[in-house]
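Below, all heavy atoms of this structure are taken into account, side chains as well, without hydrogens, waters or symmetry copies. In each ligand, atom 1 is the first atom listed, and ligand 1 is the first ligand listed.
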Amino acid sequence: MNFFRLVLLSLTLIPCTLFAQHSAIDKKVDSLLSLMTLEEKVGQLNQLSSDFAATGPITKDGDKQDRVRQGKIGSYLNVTGAARTRSLQEIAMQSRLRIPLLFAQDVIHGYRTIFPIPLAEAASWDLAAMEQTARIAAVEAAASGIHWTFAPMVDIARDPRWGRVMEGAGEDSYLASLIAAARVKGFQGKGIGNTDAVMACAKHFAAYGAAEGGRDYNSVDMSVRKLYEVYLPPFKAAKEAGVASFMNSFNDLNGVPATGSSFLQRKILKGDWGFKGIVVSDWGSVGEMVNHGYAADLKDAARIAMNAGSDMDMESRAYVAHLVELVKDKKIDTVQLNDAVKRVLYKKFELGLFEDPYRFSDEKREQAVWNNPAHLQVAREMARKSIVLLKNDKFTPGNQPLLPLHSGSKKKIALIGPLVKAIGDNNGFWSYSWPDDSTRVVSLWQGFINKLGNANSLTYAKGCEITGSDTTGFTAARKTAREADLIILSIGESAIMSGEAKSRSQLQLPGVQEQLVKEMVATGKPVIVLISAGRPLVFNWIADHVPAIVYTWWLGTQAGNAIADVLFGDYNPSGKLPITFPRSEGQIPIYYNYLSTGRPFKSDTDNTYVTAYTDLPNSPRYVFGYGLSYTSFQYSSVQLSANTLSKGQSMQARVTVTNTGNYAGEEVVQLYLQDVVGSIVRPERELKAFEKIRLNPGESREVIFTLDPTALSFFNEKLELVAEPGLFHVYIGGNSQATQKASFTLL
Ligand code: NOJ
């Protein structure tokens, strides 16, 4: 029997009353902690990246491995693969107390199978589907020895210049909260400890999405009330869904770096919300407090971060270098240090790593789950649901919308643009490339061939690159276009133009792509534009002149098949924008739930002495919640179960939706609420409920929403969540400009 097992066994001899309030794991944690040296405790709080890239090799002779042996590293990120994680874990088993390593990884929107980027998935408004893709990501990652994903990112983002909008669920706190919970449930499955579940991580705590000017890593200055109302709810939702960890953020909030913020971490998260899991810093964010000018040096940064409640130091190496001395000098309370260590150990026990440190590193399971065709099917379904049809006008001759296409038609289709044959870009930022990507990731071109059975009716011209000013490809593109009956353009950003550190000041299509579209429209042929990007782009000329526009984001492994499914009508698009699309960068920040002003905006043509621009319409290009279908939906008037509501009670709002078109289709029925008078100025409307329904042509369905007291509540000046008496308007429709309205009074 080894030393460690002996210790665990001896626990049973300790009187039960001593741990009366403790769970079985708590007892094990306490026991182990009592055996640890200060150095070993600090080691558990040190997280390092592997020596090589995520999919690269690990050397067994590096000094990091020696530090593992000495118990000075508690967790690794960027070590993946059953074999590699196993080999490092073997080294951890040579340490004195045989405490296993935690392997963490950014499994953001898939691991082996890549799903649409999170913002795209959010456009599906399909919570079960998002839970399922997170589930599969967890199954694949867990089989590769990964215990912990740094996802979901639940930051609210109202500024598409910020490159990380691609990684979240958009601008709305209500929708994003539901998505946060769904993703946490998906990653954690039936619970941590199952070998197909990974610990989720709600990041970045907090307000990272509000970085000034959309510049990544920048400052955030906002009222605490706004923080509570807009930015914290998705974190709270993640916590309530049982998320295992939180990551703090790079930004300062009102002058205090989040990593050093006791207010965020000790008061709100661990105090008010009672969060018991791990709080990990963001990469280097402990040390960056020195750059912020908030800490004098790395030691000072370690002191501040630990005292503020950051349990684990990712890659600053501040804890491992200084915590021992800081504890000895009484600059850090042992109780706080122990608490941080316990949180880490608890998760290791919960994961079952003490029983079997290799239980996640299973090469057989890895092989089996990696090549599961069902995962690809889910990826295709999720990708189709994420696509947003922005425009599908009637086109002459024929006076019919261009979409859907008919796969039986003999029409010659020209596929034109720099993204038609793109492979890797489809995976978007925060994804992994695998050796077989060239055959596994479905390009648009391949998706069309798969749909049509061959390339006989297809032609191709690249036209131009994504960036740069070279127009020499236009000649070939024009020729290809003229010889075709229909032009489909695939344009946008490259995948690495959005993501971390990918802020852009201008959101137009890069390079000469818009010029290429103009050239194609000038041929007089029908043109459909597909736009791939990780954020809302600005494309006014296209929006005004091209009859059909489809927003295809980055859709992952099955991108081409999914786009072909939608274009050929095998799937009727149902995506709705989870973020407002501006007309111009000058409108940013732009979001639908703005506060009522004293000079409300009237219309895009009457902008005198109201809150508006003199050189730009006030309205966005596409509103939050917007998205078309090949069919049409009609909404009845809104019926409320009562005109008055007593405090604490709920009411129903009903609407009947009818499919008035020729295709079966899905509609996201959205309910918005306006609290007309409040002790704090309220938004003009706020999303409070939605339901995605499917209707056959001619079919009607009554949708019933229940409005409970929480839906009517907001944080008042004292940060109390209150529903104040007075008038409320209810709007129900297919986007955030829904006009069907009813009103009631809260007594
Ligand atoms: C920095 C990013 O902000 C964070 O989201 C990510 O999880 C870490 N790097 C680790 O890669």
Closest to atom 5 (O) of ligand 1 (judged by heavy-atom distance), picking from Q105, H204, M153: H204
Close N or O approach (E167, ligand 1; < 3.5 Å): no
[X] and [Y]: aromatic ring centres closer than 6.0 Å?
X    : Y    : answer
H147 : F360 : yes
Y217 : W162 : no
Y231 : Y208 : no

Should you measure from each heavy atom of [X], which atoms of ligand 1 turn up under 4.0 Å away?
X    : result
K203 : 4 (C), 5 (O), 6 (C), 7 (O)
L77  : 10 (C), 11 (O)
F150 : 7 (O)

For ligand 1, the portion of R164 having any non-hydrogen atom under 4.0 Å away: side chain
Proximity to ligand 1 by part of N78, non-hydrogen separation under 4.0 Å: neither
Ring geometry between W125 and F624 (parallel below 30°, tilted from 30 to 60°, perpendicular above 60°): tilted
Closest protein heavy atom (residue, atom, distance) for atom 8 (C) of ligand 1: D282 OD1, 3.4 Å
Heavy atom of the protein closest to atom 6 (C) of ligand 1 (residue, atom name, distance): D106 OD1, 3.3 Å
Contacts of E240 that satisfy salt bridge (charged side-chain N to carboxylate O under 4.0 Å, His left out) - sequence neighbours left out: K236
Pi-cation contact, W283 with K203 (under 6.0 Å, within 45°): no
Results of side-chain contact (heavy atoms from CB on, under 4.5 Å) for L298 - residues two or more places apart only: A318, H322
